[in-house]
There are 2 protein chains.
Amino acid sequence: MAEPGNEERAKEPRTVPTISDVARHAGVSPMTVSRVLSGGQHVSATMRRKVETSVRALGYRRNENARSLRPGHRSGLVGVVVTNLANPYYAEVLEGIGEILSEANRRVVFGTSHEDPEEEARLIADFVGRQTEGLIVVPAGGPSEHLRPEQRHGVPLVFASRRQDGVDVDAVIVDDVRGAERVTALLLEEGHRRIAFVGNAVSVFTGQRRYEGFERAHAAAGVPVLPELVRRGQQDIHSAETAARELLALDEPPTAIFGANNRNMVGAIKALHAASAARGTDLFARVRLASFDTFDLEELVPGDLSVVTHDARELGRTAAELLLVRLQGKRPDRPTRTIELPTSIRTRRRSEERLPGTEPAQEPAQAASP
Amino acid sequence: MAEPGNEERAKEPRTVPTISDVARHAGVSPMTVSRVLSGGQHVSATMRRKVETSVRALGYRRNENARSLRPGHRSGLVGVVVTNLANPYYAEVLEGIGEILSEANRRVVFGTSHEDPEEEARLIADFVGRQTEGLIVVPAGGPSEHLRPEQRHGVPLVFASRRQDGVDVDAVIVDDVRGAERVTALLLEEGHRRIAFVGNAVSVFTGQRRYEGFERAHAAAGVPVLPELVRRGQQDIHSAETAARELLALDEPPTAIFGANNRNMVGAIKALHAASAARGTDLFARVRLASFDTFDLEELVPGDLSVVTHDARELGRTAAELLLVRLQGKRPDRPTRTIELPTSIRTRRRSEERLPGTEPAQEPAQAASP
DNA sequence: TTGTACGCGTTATCAA
DNA sequence: TTGATAACGCGTACAA
């Protein structure tokens with residue numbers, strides 16, 4: 001069975017080649033190899049060829065970790081923490097981040113906090129120890145000591161999608177308050193007086209802000225928010241569906257439901273569908289829907305639906321760009337900024353179903369505020 | 001504006017503290033600090049306390065890169081390449097991978113290949129240079145030199161979801177062929193003779209296999225596959241929608257559509273919906289649907305729908321577990337294995353709409369084959 | 001143009 | 001129990 005000295009597999013490296021291996025193989029000094037590798041200016045063509053041949057022969061690759069040890073060198077690593085990748089929204093954000101960082105020749109070390117601040121703290125500590133040049137975080141909320149500059153050794157931090165009180169860093173967020181306010185106002189204008197709110201935990205930045213918008217619209221219209229119609233704390237489709245089911249079972253059910261993020265809206269829709277089937281009535285005709293964030297197959301919802309949209313990928317891109325500016329390092333004392341992306345509202349009504357073609361316009365998202 | 005020597009910010013480190021800084025601060029040797037940090041056995045309580053105090057005072061964190069430089073030490077990094085994070089399917093896979101690796105105290109360096117083998121090669125080269133201990137890749141297909149053992153310096157590689165010819169490594173894939181075959185057979189049994197196929201590019205492993213199953217079912221039933229109903233090459237919802245729209249515009253449109261992955265099915269559904277609205281007829285009543293992979297809001301599809309399902313997160317978990325086995329390093333010459341996860345088929349018919357509650361059973365997925 | 005010496009932060013080894 | 005030394009892979013500074 002044992003077949004020692006299998007010559008046919010000779011190329012399989014038992015050990016990773018180092019710069020010295022290459023140097024030996026090429027009959028030059030390690031320094032010459034290093035020079036060639038960094039596009040060296042002061043190397044003879046002969047040497048260069050010898051080195052290049054050996055590099056290929058050994059399949060040599062520089063050890064980035066060792067490189068980043070040298071003073072002045074950067075690791076090329078950026079740490080990214082999101083709360084929950086099962087939400088396609090954050091997958092989009094991550095794609096946007098990756099797009100920009102990839103162009104900037106940076107790699108992403110990635111972790112999911114699952115909305116747990118402690119997990120978030122562990123990830124950040126680890127990332128800092130790995131010499132990541134910067135961090136992009138969707139903060140879970142809660143304690144924030146681990147986000148303070150001392151804790152992260154001054155590694156630049158950018159918040160995406162959410163911010164955290166008491167941590168003054170660059171951030172890209174969404175105009176949650178106005179988006180929620182406008183779409184709620186729309187429902188109120190249509191005459192709805194029993195609007196349910198299904199959303200994130202109270203501790204979640206966006207959940208808080210979207211609720212604030214929801215409240216503001218009510219206040220402006222002089223309509224009270226009905227506490228029994230407010231369900232906050234659902235982070236996934238399943239719990240959102242349960243919450244919505246309870247709402248629909250009330251003696252006086254809501255006439256409209258605002259889903260404060262896409263998971264909550266999808267859950268609510270599932271509940272509506274199930275309840276419709278169970279009761280043999282079309283509840284979609286009786287419950288007006290509004291969603292913050294888009295989701296697949298919106299158009300299949302057989303009732304009136306408004307969606308507050310923004311470009312999640314663009315949000316990711318912008319966060320990465322903010323980070324890169326900090327990494328360039330000019331004006332390190334530049335005051336932090338928060339970029340708030342605008343939202344737009346798209347409404348599809350059942351009565352318009354016949355309308356063919358003409359896709360909703362894609363809009364670029366950009367806006368700055370101090 | 002410039003306010004030099006801001007004492008209130010004194011704690012903000014201008015430079016990252018090293019083990020020597022801690023040693024100096026504690027009045028001990030760096031070696032003692034190192035010992036304390038690694039839960040050192042042979043340290044006096046006094047020393048330990050001194051060191052711990054200094055560590056906290058300076059906010060010291062070990063430099064993982066420098067650590068991994070030492071022989072025998074591992075980087076704790078695993079490189080993961082997926083083709084497209086915009087597909088929630090892969091986000092799920094990534095979550096599963098992260099779950100297991102996180103438990104094993106490994107971090108994920110992440111990249112998207114966007115189905116481009118060259119981008120994949122760049123990512124892998126970079127990951128190897130960063131001393132990742134292992135790689136988990138959803139291969140884009142195409143050339144595979146960059147996946148050969150020499151190119152990756154013998155770094156263990158595991159394929160997820162797809163495999164690549166000529167690269168003999170551990171893999172976790174789905175029983176694509178049988179899943180597609182069974183669901184196609186179901187449609188054929190129902191009497192369908194014009195079944196459309198909308199799927200991935202021919203070069204994509206799963207697309208290829210699912211098409212194979214599609215063909216096999218036809219062959220077994222003695223029904224010819226109609227080339228004009230086969231559209232292969234759509235990777236996103238938009239292109240899938242276009243392909244489906246063309247199919248529906250045929251003089252003799254298909255009576256059933258098989259979407260070979262969730263993006264293709266969602267696109268086809270959008271096309272059906274749009275065409276229904278445009279023509280004022282319910283095409284869902286005339287076109288039977290079948291999908292490989294689930295998607296949100298399946299139940300809203302107003303027609304008969306079969307879904308071939310498997311647990312994407314479990315697939316990710318399993319891939320990570322296979323990698324960890326290789327990283328343990330016992331029996332490095334152990335033959336590679338491919339784990340093929342079984343699928344199950346769930347069918348919802350319009351006529352059953354009344355059926356309340358009783359969620360479809362979640363099934364654990366496990367099966368091994370050589 | 002090429003090579004030598006040294007140091008980056010860490011820890012295994014050995015000596016005290 | 002504690003500390004000095006050396007080495008991991010690489011690249012800057014300087015010498016040849």
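Residue numbers begin at 1 in each chain, while the letters A, B, ... track the order of the sequences.
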Protein proximity profile, nucleotides 10-16 of chain C - base contact B, sugar-phosphate-only contact S, no contact -, cut-off 4.0 Å on heavy atoms: BBB----

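With 3.5 Å as the limit, one finds a donor-acceptor pair spanning the side chains of Thr336(B) and Asp168(B).
Looking only at distances, no side-chain donor or acceptor of Glu120(A) sits under 3.5 Å from a matching main-chain atom of Ser113(A). Remark: side-chain polar atoms of Ser102(B) are not paired, donor with acceptor, to backbone N or O of Glu99(B) under 3.5 angstrom. Side chain of His114(A) to backbone of Asn84(A): no donor-acceptor contact under 3.5 angstrom is found.
Dense packing is recorded around CD of Glu103(B), with more than 12 heavy atoms of other residues, nucleotides or ligands lying under 6.0 Å away.
Side-chain nitrogen and oxygen atoms of Thr32(A) include at least one within less than 4.0 Å of the OP1 or OP2 phosphate oxygen of dG3(C). Residue Ser44(A) places at least one side-chain N or O closer than 4.0 Å to OP1 or OP2 of dT2(C).
The existence of a salt bridge linking Arg130(B) and Asp126(B) is confirmed by a sub-4.0 Å separation between a basic side-chain nitrogen and an acidic carboxylate oxygen.
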Residue pair Arg49(A), Glu52(A): steps toward the salt bridge (charged side-chain N to carboxylate O under 4.0 Å, His left out) verdict: CA-CA 5 Å; Arg49(A) 231 167 317 114; Glu52(A) 283 167 350; over 6 Å; no

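No side-chain heavy atom of Leu94(A) sits under 4.5 Å from any side-chain heavy atom of Thr112(B).
Counting 5' to 3', DNA chain D first comes under 4.0 angstrom of a heavy atom of chain A and last does so at the ends given by dG9(D) to dT12(D).
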